[in-house]
Amino acid sequence: MTAKQEQTAITPTRAQDYPEWYQQVIRAADLAETSPVRGCMVIKPWGFSLWENIRAALDRMFRETGHVNAYFPLFIPLSFLEKEAEHVEGFAKECAVVTHHRLEAGPDGKLVPAGELEEPLVVRPTSETIIGATYAKWVQSYRDLPLLINQWANVVRWEMRTRLFLRTTEFLWQEGHTAHETKQEAWDETVRMLEVYRKFAHDYMAMPVIAGEKTPCQRFPGAVNTFCIEAMMQDRKALQAGTSHFLGQNFAKASEIIFQNRAGEREFAWTTSWGVSTRLIGGILMTHGDDNGMVMPPRLAPSHVVILPILRSDSDRAAVLAYCEELAAALRAAQYDGAPVRVELDARDQNAGEKSWQWIKKGIPVRVEVGPRDIASNSVFVGRRDKAPRERYGQNRAEFVAGIGALLEDIQNSLFAKADAFRAENTVDIGGMDDFRAFFTPANAGKPEIHGGFARAHWCGGAECENSVTNELSVTIRCVPSGEADETGKCVVCGSPSPRRVIFAKAY
RNA sequence: CGGGGUGUAGCGCAGUCUGGUAGCGCAUCAGCUUUGGGAGCUGAGAGUCGCGGGUUCAAAUCCCGCCGCCCCGACCA
């Protein structure tokens, strides 16, 4: 082997500079770019198609659990936001506010806002309050419940620091808002939707997650309980990938969602809300992406297969293209995940190797090269995105077409298995504070290397202990995992008795 | 919003210290040659050097102010 390292499509590599790698993959895979507006992004067709597939799959799951879609206004009267005290406190600092409704030419010819609004409008950071006000009108009787509504929308949160997909000023999401007759029903809904998210992450994103509950410090403003799914990225930091909130009667009280119950009494409804956002795209990138770019899980990939004709000479050209067209048609007639296989035929007149690398960077699951030799032997030359770029194999064309669904499913499963193994390798049980510090302290403080992971450690339940590790090590409690057996122990910070382990990690 | 870094062609960068009218690689376009793995040769196009002001005969370069982006911190999906 020569001293020269094998060239990677992305520089720097993950190990060299993870945040820079992340940005370069977004560029190289043509997912998105920054915009003239600070903190806002342009989602490009290849990235948006991924979002559309996420949306379609989740939307189906929401309908299967009895929900319907609706749409509520982008603008929320300021007074609505003021109704729930904790909610105000949580969001006030990051609200964009509309104060005028007209532009007029100023003395220097420039446009200036005019027509000041009587009441400023807040661009929704989330829609609990305006949906609550609407539900208050819709709900009179227990017969009007439950209300099970979702909306796909954009929201704005004026964040200090933004990162493409992970935290942008404007982002796309879905927010489910439900109202129920009983506490139990609302609680069940909260847990049901958390499970929908967990299943979606596992089955579609091929991203293992831990479902659990947030500590009081990390709760959604105004919620009684907040549940979440937490994933581990390849820099071993945690990414909150979805949340489901049990809101109790807090927002019903704020918005006066009152119904007459079966006993004829007036009662506040029990509500929930739950959401996932375009952040999931960042999650997919950081779960599966490698030093050659994006890796799309087949079930969500904008396209499954790209056919790359090898056009060696003009005399071959027509025959090769015809063979490729037939192959594309045969693949499109095949099914994967209950729908036709999505196929690209890249007949652009460019160097074959260059085109191939472009598709590798975009993360398409399967590449198929077809040249005169393949046609002569009635075969195709196949490359999988979950394998090394040069690790390819020839296969009989009919077998390849017949097996395309199984191949895509195999890639989907291998991505999950790899991510799951990575998470397992970087999840450790920790007992004492010395080990805890060692786990979360980088060896090189000047330019921290990838370090840490998920620490499963005991916690007494006290906010002081939680805050102390956050202040000292920038480590937060990601969640109290659901469905784990109780295990008594001693709090990693203070040594007090603890009923169970929780997940500590650095987080996005 | 505090500390650090950075901003020069679509992308990655040199040039800045020591002021002299902008360069390299990749990409793009044209032509020819190539073609089973990120092609070669020749030629071409493309930059208000982040923005604004100042010093100077002359500013990418020096000075002042502002802005964007990245990292760390506070905050968060």
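Chain naming here is simple, since letters A, B, ... match the order of the sequence lines and numbering starts at 1 in each.
- When the C1' atom is compared between B:C17 and B:G2, the two are found 29 Å apart, to the nearest whole Å.
- Residue A:Thr226 is classed as having no contact, given no heavy-atom separation below 4.0 Å to the nucleic acid.
- Note on A:Thr11: nothing from the nucleic acid sits closer than 4.0 angstrom, heavy atoms only.
- The side-chain heavy atoms of A:Leu247 and A:His245, taken from C-beta on, include a pair separated by under 4.5 Å.
- Within the nucleic acid shown, A:Gly283 has no heavy atom closer than 4.0 Å to any nucleic acid atom.
- Closest to the side chain of A:Gln23, out of B:G38, B:U28, B:C70, is B:C70.
- Counting non-hydrogen atoms under 4.0 angstrom, A:Phe220 reaches nothing in the nucleic acid.
- A:Leu239 comes within 4.0 angstrom of no nucleic acid atom, judged by non-hydrogen atoms across all strands.
- If A:Arg373 and A:Phe91 are placed on RNA chain B by their nearest nucleotide, the residue sitting closer to the 5' end is A:Arg373.
- Within 4.0 Å (heavy atoms only), A:Arg157 reaches at least one base atom of the nucleic acid.
- Distances were taken from every side-chain heavy atom of A:Gln24 (C-beta onward) to each of B:G12, B:C71, B:G38; the shortest belongs to B:G12.
- Annotation: of the two residues near RNA chain B, A:Ala507 and A:Val380, the 5′-most nearest-nucleotide partner is A:Val380.
- With no hydrogens or angles considered, no side-chain donor-acceptor pair links A:His67 and A:Gln174 at under 3.5 Å.
- Nucleic acid contact for A:Arg161: base, since at least one base atom lies under 4.0 Å from a heavy atom of the residue.
- Within the 6.0 Å centre-distance limit, the rings of A:Phe220 and A:His87 are counted as a close aromatic pair.
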